[in-house]
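Let me begin by presenting the structure, written as structure tokens, before commenting on it.
All ligand and atom numbering here is 1-based and tracks the order in the structure.
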Amino acid sequence: MKNAPRNVALLNAGFIMLVFMVLSFGLIYTGVTFKLAHIVAGSLLIFVASYFSVYYSLNRFIYNRLKIIYKTIGKWHEVKRGQQADTNSNDILGMVNQVVLEWHDKQQQKIDELQKMADYRREFLGNVSHELKTPIFNIQGYILTLLDGGLNDDKINKKFLEKSAKSVDRMIAIVQDLEEISKFESGVMNLNETVFDINDLCREVREFLEVKAERNNTQIIIKEAENSRINVLADKTRIRQVLINLVDNAINYSRLKGGRIIISFYDFHDNVLIEVSDNGIGISEKSLPRIFERFYRVDKSRSREKGGTGLGLAIVKHIIEAHRQSITVRSKPEKGTTFSFTLKNA
Ligand SMILES: Nc1ncnc2c1ncn2[C@@H]1O[C@H](COP(=O)(O)OP(=O)(O)O)[C@@H](O)[C@H]1O
Ligand SMILES: [Mg+2]
């Protein structure tokens with residue numbers, strides 16, 4: 001296909017020369033005068049040459065542009081946007097080219113998405129196996145020691161069993177969180193939206209986490225009169241999960257003394273803005289944009305020690321976005337962190 005126009009041109013040139021020679025000799029042979037023979041042969045020559053040049057240039061013009069379209073279809077993954085043919089022409093080739101380019105862009109988009117999905121899956125599987133490996137190897141170590149006859153000390157043996165149970169709990173927490181995330185990501189998570197009092201729900205969450213907060217010398221304050229109702233339209237169970245995650249984090253990442261967690265509410269257009277702020281260790285500017293990523297933790301050992309899976313905030317974000325609302329975070333190291341999210345006012 002590559003040299004087609006040149007071959008056609010050479011064939012045509014050869015053919016014209018042959019026609020000219022045969023005609024000249026043929027006319028002279030049949031008795032026509034030398035001059036007239038040349039006029040007839042010359043006219044025929046001009047006709048054939050014009051035919052040839054029009055044919056040749058059209059062929060070249062169409063061929064070159066079709067070649068680019070052919071390349072775009074056949075080797076579309078090698079062709080970059082800028083290397084493609086001019087799409088401004090309004091003729092049929094320009095239109096065909098435009099359609100091919102649009103098709104090319106769609107294919108490229110699909111490939112990019114698939115590539116991103118493959119990268120994400122690879123990274124996710126790597127993270128999951130890494131997270132599960134630690135408790136599994138811990139349990140294996142405890143069991144092997146006990147199978148070896150234990151440590152002849154019932155107290156230490158009991159401690160090993162307790163540690164094994166803790167590792168099992170950790171594995172269960174990871175698997176449960178993973179199940180949640182996969183439900184959200186596969187779109188099978190249905191919300192059961194009802195009207196409820198968010199102020200009341202915050203009090204329920206405070207009660208639930210009060211003992212843990214006290215053990216960590218942390219106070220949970222709700223900045224709203226007890227009897228004032230703030231009605232929202234949302235999935236109560238899911239929002240309870242959001243609040244528990246945020247307040248639990250605020251307790252886990254508090255400083256040693258005088259921890260204060262404040263929950264406050266603001267009117268925000270048609271929504272209620274809910275803020276959970278603490279005066280804890282804070283999050284550095286570098287880590288802040290990654291805080292909602294699965295398995296991202298600023299301090300892995302502190303998170304593990306507190307029983308964290310690194311999936312809490314990813315689940316929180318999924319829940320809020322499933323409500324078609326948003327969540328943001330602002331923080332200053334050593335000063336504290338504030339998470340703000342909105343819910344539909346009812
Ligand atoms: N209130 C907070 N103060 C300081 N750091 C926080 C706070 N909330 C979350 N983080 C950081 O964000 C990370 C991710 O949070 P999360 O997804 O809940 O996972 P984890 O299981 O580690 O708690 C935590 O490991 C911690 O580093
Ligand atoms: Mg957490």
For ligand 1, is Phe292 a contact, meaning one of its heavy atoms is under 4.0 Å away?
no
Rounded to the nearest 0.5 Å, what separation is found between the OG atom of Ser277 and the NZ atom of Lys223?
8.0 Å
Considering only non-hydrogen protein atoms, determine which one is nearest to atom 4 (C) of ligand 1 and report residue, atom name and distance to 0.1 Å.
Tyr253 CB, 3.4 Å
Heavy atoms only: give me the nearest Lys344-Asp270 pair and the separation to one decimal.
NZ-CB, 4.0 Å
Nearest to atom 14 (C) of ligand 1, what protein heavy atom do you find, and at what distance?
Tyr296 O, 3.4 Å
Minimal non-hydrogen separation, Arg255 against Gly280, with atom names
NE-O, 3.5 Å
I need the minimum non-hydrogen distance between Ile230 and Asp197, along with the two atoms involved.
N-OD1, 3.0 Å
Assigning hydrophobic clusters by single linkage (Ile, Leu, Val, Met, Phe, Trp, Tyr; side-chain heavy-atom cutoff under 4.5 Å), is Tyr253 placed with Ile315?
no
Filtering Ile283, Asn245, Val329, Ile291 for the heavy atom nearest atom 12 (O) of ligand 1 leaves Ile291
Of the protein's non-hydrogen atoms, which lies at the shortest distance from atom 25 (O) of ligand 1, and what is that distance?
Arg297 CG, 2.9 Å
Pick one of side chain, backbone, both or neither for how Leu313 approaches ligand 1, counting any non-hydrogen atom pair under 4.0 Å.
both
With heavy-atom distances below 4.5 Å as the criterion, would you say the side chains of Phe341 and Leu243 are in contact?
yes
Count I, L, V, M, F, W, Y as connected when their side-chain heavy atoms are under 4.5 Å apart, and connections chain through other members. Are Ile244 and Ile262 then in the same cluster?
no
For residues Ile139 and Ser167, report the shortest heavy-atom separation together with the two atoms involved.
CG1-CB, 3.5 Å
Purely on distance, is any nitrogen or oxygen of Ser303 under 3.5 Å from one on ligand 1?
yes
Subset of ligand 1 atoms that lie under 4.0 Å from at least one heavy atom of Thr309:
21 (O)
Backbone or side chain, does Thr309 get an N/O/S atom under 2.8 Å to the Mg ion (ligand 2)?
no
Please compare Asp278, Val276, Ile281 and report which has the shortest non-hydrogen distance to atom 2 (C) of ligand 1.
Asp278
Polar contact flag, side-chain donor to acceptor under 3.5 angstrom, Glu180-Gln241:
yes
Any N or O on Gly310 sitting closer than 3.5 Å to an N or O of ligand 1?
yes
Judged by heavy atoms only, the candidate from Asp248, Leu246, Asn249 nearest atom 8 (N) of ligand 1 is Asn249
If we set the cut-off at 4.0 Å for heavy atoms, which region of Thr337 has an atom near ligand 1: side chain, backbone, both, or neither?
side chain
